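Scope of the values below: all heavy atoms of this structure, side chains included, with no hydrogens, waters or symmetry mates. Reminder, nothing fancy here: chain letters follow the sequence lines and each chain counts from 1. The model shown is predicted, which means the values in this text are computed figures rather than measured ones.
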Amino acid sequence: MREAAPQADLLRTHEVAKRYGSVVALRSASLAVAPGEIHALLGANGAGKSTLVKILSGVVGGDAGTVNVHGAPVELRRPLDALEAGLGTVFQDPALVPDLTVEQNLRLTGVSPERVRGWLAHMEVDVPDLDTLVKRIPLPILRLLDLARALAHEPELLMLDEITAALPGDYVDTVFGVMREWRAQGHSVLFITHRLGEVLEVCDRATVLRDGADVATVTPSEGDERTLVEAMLGEGAPTRTAGHRERDGAPEGPVVLEARGLTARTALKGCSLELRAGEILGVVGLEGQGQERLFDVLSGDRPFEGGELRVEGRPVKPRSPYDMIRRGVVLVPADRLHALLPQRSLRENLASALYNTVGSWLTPVRGERPAVEGTIERLEIDTRAQRQVRRLSGGNQQKVAVGRWLAAGFRTLLCFDPTRGIDIGTKEQIYRLLRELADDGAAILYYASEFTEAPVICDRIIVVYDGAVVTELDPAEADEATLLNAAHGLEENVT
Amino acid sequence: AEDEEDAVDDEVEDEPVDDVDEDDPDEEEPDEEAAEEAEGDFVIGVSNTLVGNQWREQMVCSIQAESLASGMVSDVVLANRDTDASGQIADIEGLIGQGVDAIIVNPHDRTALDDVIAAADEQGIIVISVDQAVTAEQAYNVTNDQVAYGELGGRWLFEQIDGEGNVAYMRGGDGAPADQDRDEGFRAALEEFPDVEIVSEVFTGWDPSTGASQALDIITTEDVDGIWTSGIDYPVVEQFEAADEDFVPVVGADNNGFIEQLIELADDGLTGAVVTNPPPVGGVATAIAIDLLAGREDHPQDTVLTPEVYDNIDDMAALEDLYLPDLPQGFVATMEFEGYTTYTQEQVLECEGP
Amino acid sequence: MTTATDERAGSSATTPGVRLQRWLRRHGWTIGVWLLLLAFILWYATLIPAFGEFQIASIARNSLPTVYLALAQSVVVIAGGIDLGIGALMVLANSASARLMEDQGFAMTLAIAVGVVLGAALLNALVGLLIAVSEIPDVVVTLGMLFVYSGLALLVLPSPGGGTSPGLRFLFTGSETGVGTNYWMPILMLALPTALLAWWMTRSRRGLSLYAIGSDLGAAYLSGVSIRRAKVVSYAVAGGFAGLAGIALTTLANSGDPRFINALNALLASLAAVVLGGIVLGGGVGSVVGAVAAGIILFTLNPILTAMGIDPNTTQVVRGVLIVLVMMVAGLLEWRRRRAE
Amino acid sequence: MTTATDERAGSSATTPGVRLQRWLRRHGWTIGVWLLLLAFILWYATLIPAFGEFQIASIARNSLPTVYLALAQSVVVIAGGIDLGIGALMVLANSASARLMEDQGFAMTLAIAVGVVLGAALLNALVGLLIAVSEIPDVVVTLGMLFVYSGLALLVLPSPGGGTSPGLRFLFTGSETGVGTNYWMPILMLALPTALLAWWMTRSRRGLSLYAIGSDLGAAYLSGVSIRRAKVVSYAVAGGFAGLAGIALTTLANSGDPRFINALNALLASLAAVVLGGIVLGGGVGSVVGAVAAGIILFTLNPILTAMGIDPNTTQVVRGVLIVLVMMVAGLLEWRRRRAE
Ligand SMILES: Nc1ncnc2c1ncn2[C@@H]1O[C@H](COP(=O)(O)OP(=O)(O)OP(=O)(O)O)[C@@H](O)[C@H]1O
Ligand SMILES: Nc1ncnc2c1ncn2[C@@H]1O[C@H](COP(=O)(O)OP(=O)(O)OP(=O)(O)O)[C@@H](O)[C@H]1O
Ligand SMILES: [Mg+2]
Ligand SMILES: [Mg+2]
């Protein structure tokens, strides 16, 4: 173990800055990571966390500022520079080439397969055959492969950018285990997450970025959530009640969407639900219990084989999303970029859904401008990077994904995990928006991968397990333990 | 090359002169213009639609060389690209816009240029079609007699195999006027020899490598007694050597490589005949254009140059005369026309206009 | 923070000035190509002794086939495809129409022209259908069609020939002989289809659906666009324009020419026009109006290079370098603008 | 829960049987194309009176240029690009080498061959550099180069001509006259470069980086691949193979031919070979080994169609339909497999 003077930081960045065109991604970020600590990097969407990590891993060149490792300045021009300086990274996006095998990927980056295999074994992840094509490997395993590959370089500082966002609970614990072990060896970890619970659980210190600059470095402990949120969002941070229903009791609206015993391949095995106008119906489930397919089927994206689907009482058998959109049922999918035109401008994206409302061959489009401008104002979309939607931060992209339906009009909204990777401030805005929509008479089906979300904003909660709805819960009594039990299919007594 | 030039001269003189339409009102215009212009100031436009072809290359060079040698041409404007009939029309329109005094075209199509040639004529521009005739009545035509080309070569071949046997018929470009004319002549000759059978008829597209592989196919799969080619000749002979087969009589054009083979391989049993198809028609057309522009001499509307046939049995001396040892295989050996062209061989080879 | 808020607010209060700026920026490329065309024509005018109606008419009518083909390719490319068979379809339409129209009266040739255009649209619609249903990439199917169409052209008209009626020639070229100084007719034949197509592409739902599938297939699908229908429509429209290009060729040359090289040259011209016209290969971006100017530019290059007396063999090189140069200048401007933002 | 865990675990216990199955599946297309080639050759053998060494040698040597060009295009396409100039570069190499090699001895022609290959690689590397630096799309730049290269070819050799040494002809064709029954030499000249390239592409870090940038630019970038360098390398290697194709042409015909149509035909053949060979346009997927078989198939079509006595004009149609059909069958198989999964 290294005998370093306690005051000598392992990593110190000083006023690092980066701009993309006129958009300042990072204004002035200073950060110090001591040896043997797990250091959290927190911040709202667009605060510049990923950008900082990319600069530190030599993938992106900074515009200004200095980086010191063990007190000595380092130039990070290439990824190799970072590795030689002892900085290893798991990026927010998968960094494995999909059309190559795992082994070829390792060869590409010059990592020994033996070490990677060793780390996978150590994490008690069953070693996937390294001769598998990366695109055939499920995302959680890929994240762990990314981690093992980073570890194989034996970095002194391990940087993990939202690694837990795509991991199921048991693997999150595995990753925490590795992080603690790394710390025990005297190395350090820089950990980025939007889940404050995780920060409290594993992190020694936390640096908060806001608008591209560091605003605070704190030692997080129980009860600090409020402080952290305020540091991230500034004064007037919203409270976590924005989406709550004002009145009690079940909503009385008519049933607008009804599924009876839907089956689809092996994913859905007789799934039934009723969605009423004016309510937000929460869907909760562990990874891979068929919820994704359920949303795809309800939106007309993929077919179902058995069972029945009714919209406003009339049975439908959609062949494409258009059949459901015509009936007012629209989807906000998990992968927001998948639903948007990433290269196109904000306004074009908002207008795109409008095109379905005009005539087919020769009718011109009208009235698109007011609808678009109205939506931008209502959702408070940040228009700075509006020329291409892909340059918006994640939260703003999410707003666009919802907003385009707002511009076009709908009656039933299917939201699949709309707050994934979204900061708390934006989350609150989205909750509030959904509640307003429901109060205006829309029916909303809402899936959240984070179990703590559904009880906050939903009127009813259904739990899916193994391709069917197994339980319905009242949000008031749905604490995390109850939900977890139900999600594991353990409380089968409830209807 | 004396014989040949004399021969050609004879042919030209044989041409009936009655093609010239005396009442054509446009006829006088060029002369008036010429009178206004100082000598040596003519601009000649050229429209050619096939590039990367040795024959066309030499044709263009002979135009350049004659323009230079005449001392009466200030500029040759080349519209030279791979294109089709409509592209050639556009090119000619461009040349009209340039204010050229005469346009020499190698027409892509017999009839398609009629209207644009009429338009050029209206502006007092002399249009001369070379290589292939056009139907436009205003145009002068300076052509090699392609019907005779097909007929003469065909007859030589059929006689060579004593009027009976299997013949491979390796044509040129499918649909090209020259190919159609040669076909007409070839079939006319064939009529006279009922016992000759065509066992293989292919289009080489006048492409040496296509011709070579087709010839190899024919030699190795068919039992042929003679081969008529539309000018893709030396690659065919090469295939006999390559496949190590016995030679059969071959008819080709006046390509340097073929002439060389006829001379060198005569002792190995190769018999063959050269049917001339000289590219200097371009130079001839240039000379005629200058004559007309300067008002020096009248020319018939059609000048048809009948090809000569030389085989390596009776005309060895003529072949040796034609042969140009320093030049590549594909080079066409006939380079000048006495009575028309005034340039030197060097000027053609340099290929530089005024 | 204030600036940010200001900027956010700014977007809703759009002054005419801002709108003009935005319009200029959005259509910058299209405007640029038209200016380039203007510059070329002016340049050409200085190169030759007399520039007048004859030259304008000549440029207008002779660029008709290239322009129609550029429009055809634009539609497919905007919709995210690429049609390698388009030049061959033009040649097929040219061969078929020249053969059918020979020695016919005006009314009959007009009817044949309509028939050929519709036939070409239908034929290419089937190609689009095959692509949409089988999900084989566009390049592959249309590469196959390149051979199929040119083979058919040779079967229809084994060697150059055929003709059309003087009336139809007048309709496209402004003169019954195909040569003359009437430039209104060909300019109308350039402008009218372009305007109609441009309007349809950007204003109607069906037209917009082509942009949508070109931009992002998945997103278009999730927004309720019928991908198959849009694909088929894009190929059908392209086929119709290829048919029109074929007819234009017939009226220009008063004959048909079935050779393969024509199909390839036409294909290359259409691709070059699309690229120069600012239509992004991959789809979703660009305007058919830009491709029209690019088509005319590509045509005008020939007389310009001839007039400049450039060695014909160098002409090819110049043409290629020009394409790359224009794209580089455009790229540079785009890059600087993005940097300045 | 058990199922989920099993699935996660299942991957580790790979028996030889599973591996073989996976290998077959992964290389299914490549194997399929080679089987198709075998079928074609067997079919051809039944069509002609005598099939022997001469035919094997003929097929092997005559498909050399197509195969080299298919390899060249494969490399670029795998790296996510497309090279429309590759056929013209071959023609340029052919023209230049034929001109330089005429009347030279073996040693000299060999040196010239090496020089031409290196020169072509360097020239095309510059093209790759231009694409990488300017970020102009591949199609655009290489479309420009198609004109530039073919123009240069015409400048180097204005009309067909030139030659090479018998020794070099032997090296490529197995015979000093370019014809004969020695099939070992041409097969070696087919197999050796293919094997080397395939090995380099899938085993070396640089080769893998080409797959990486073709597959996912972002992931490649995060993996530390220098995208620009990989792009330049892909074009350089392609250029080298195009040069080799040009030399092969020279030795086959003992002359050079600068015509534009040759460049276009070669380009089409290379695209068709890549597509049939299972290399996905867009990049990242496929093996150069498949493209080789596809290249030979495309060549073999000619003698087969001739032997079947099919009208030459119909040949075009047949070729097009075949490409589409093969792709459809492959697509169908792929679709069924995916459905079954
Ligand atoms: N290429 C780009 N061009 C323009 N603006 C960009 C670009 N990349 C990022 N930005 C902007 O920079 C800001 C910071 O983005 P960044 O993605 O680094 O934030 P972040 O803290 O990682 O947010 P998140 O929590 O969403 O990951 C955002 O406002 C984004 O719009
Ligand atoms: N070298 C580069 N040049 C130009 N743009 C870049 C570069 N590297 C990254 N970008 C762009 O920056 C954008 C966002 O940057 P960054 O990686 O900081 O965001 P992010 O953290 O991934 O955002 P989010 O968390 O919302 O996914 C991306 O859209 C990417 O296109
Ligand atoms: Mg981030
Ligand atoms: Mg980010």
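- Rounded to the nearest 0.5 angstrom, C:I82 CD1 and D:I82 CD1 are separated by 7.0 Å.
- Side-chain contact check for C:L264 versus D:N265: some heavy-atom pair is nearer than 4.5 Å.
- Residue C:V139 touches chain D through its side chain alone, counting heavy-atom pairs closer than 4.5 Å.
- Of the two parts of D:L130, only the side chain, counted from C-beta on, holds a non-hydrogen atom closer than 4.5 Å to a non-hydrogen atom of chain C.
- For D:I261, the parts lying under 4.5 angstrom from a heavy atom of chain C are both the backbone and the side chain.
- Only the side chain of D:L143 comes within contact range of chain C, with heavy atoms under 4.5 Å apart.
- Inter-residue side-chain proximity for D:L268 and C:L146 is flagged as met; some heavy-atom pair is nearer than 4.5 Å.
- With a 4.5 angstrom heavy-atom cutoff, C:L325 does not touch chain D via any of its atoms.
- Residue-environment remark: CZ (D:R259) exceeds the threshold of 12 foreign heavy atoms within 6.0 Å.
- With a 4.5 angstrom heavy-atom cutoff, D:V275 touches chain C only via side-chain atoms.
- For D:Y149, no part lies under 4.5 angstrom from a heavy atom of chain C.
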